[in-house]
Amino acid sequence: MKRKFFACLNGKFKIGGYEYRKEENNGIPVIISHGFLANQKRLKPYAEYLANRGYVVFTYDFCGGGLMSKSDGKFCDMSLNTEKQDLLCVMDYVKGLNYVDSDKLILFGESQGGVVSCMVAAEHKIDRLILLYPALCIPDDARKGKMLFMHFDPDNIDGTLKCKPFRFSPEYPKSAIGLDMYEILGNITAPILIIHGSQDGIVDVAYAKRAKETAVNEKSRLAIIDGAKHGFNRRQVKIANGHIKEFLQGIEQ
């Protein structure tokens, strides 16, 4: 299994990522998007697992979206809308490769990357959508004026946003405050796999349960990992990969 660096552009910002590919295998592409203040490195176990099963896997860093990023941009450049455009740019890059089956494109999102993947999947044809503890609470949190360590008046975000020790733009909560995640999920026609921890203290598992009920494709599934929090340990990653294997059976070459 080989890993090589790739790059593409979203306007003036470079998006940096890695392609995981088994030898010279041609296969179904999977694009993996990381969560808030994270980076692609934490999703490497999923990328390697899928690449070893024959998929061509792409991880990348959102512009301004995380720590130790391979991409350009600062935190103050990031919003859900800019991350959506980053993912679309990576999709265009992947679809231009002659060794992937882009008709079977799979999106895979972790936490906030899951929200962004939902936003794209609702507007573009994909074959499957995989969500790890998706942060479907983000719009509700924005409407309450409290997003993790950010506090603000939702009616006056520009004048009240406080987010030490990091500096974020008011455009970040603004991009979330009007979203209806269940309306977005209802517009996704592809099968969805949601994997969530029963003890997630950041995104209540109730969001995942409601998302499963909202999913329109009858092949959609919800897997709850007992005792898991927001982010999985090695044992839980193996369990998650088992659920992913079962979900993808039938489309593998």
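Please read these numbers as outputs of a predicted model, since none were measured by experiment.
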Problem - Any donor-acceptor N or O pair under 3.5 Å, side chains D200, H230 - result: yes
Handout entry: Side-chain heavy atoms of N26 within contact of V100, under 4.5 Å
Key = no
Handout entry: Side chains of I184 and L179 in contact at under 4.5 Å (non-hydrogen atoms)
Key = yes
Problem - Residue that, paired with F36, satisfies ring pair (Phe, Tyr, Trp, His ring centres under 6.0 Å) out of Y133, Y172, F62, F75 - result: Y172
Practice task
Give a yes or no on whether the ring-centroid distance for Y46 and F108 is below 6.0 angstrom.
Solution key: yes
Practice task
Answer with yes or no after comparing the ring centroid distance for F6 and F58 against a 6.0 Å cut-off, counting only values under it.
Solution key: yes
Problem - Cationic tip of R210 above Y182 ring, under 6.0 Å, 45° of axis - result: yes
Exercise for the section: Return yes if some donor-acceptor pair links the side-chain N/O of H196 with the main-chain N/O of L222 below 3.5 Å, else return no. Expected result: no
Handout entry: Close side-chain approach of L129 to S117, heavy-atom, < 4.5 Å
Key = yes
Practice task
State, yes or no, whether a side-chain contact exists between D61 and M68 at a heavy-atom distance under 4.5 Å.
Solution key: no
Identify every side-chain donor-acceptor pair in residues 121-128 under 3.5 Å, counting partners at least two apart or on other chains, and give the distances.
unit_1	atom_1	unit_2	atom_2	d
E123	OE1	K84	NZ	2.9
E123	OE2	K84	NZ	3.0

Completion exercise
S69 and S71 have their tightest heavy-atom pair at OG-N, 2.9 Å
Practice task
Answer yes or no: is there a side-chain heavy-atom contact under 4.5 Å between K219 and F247?
Solution key: no
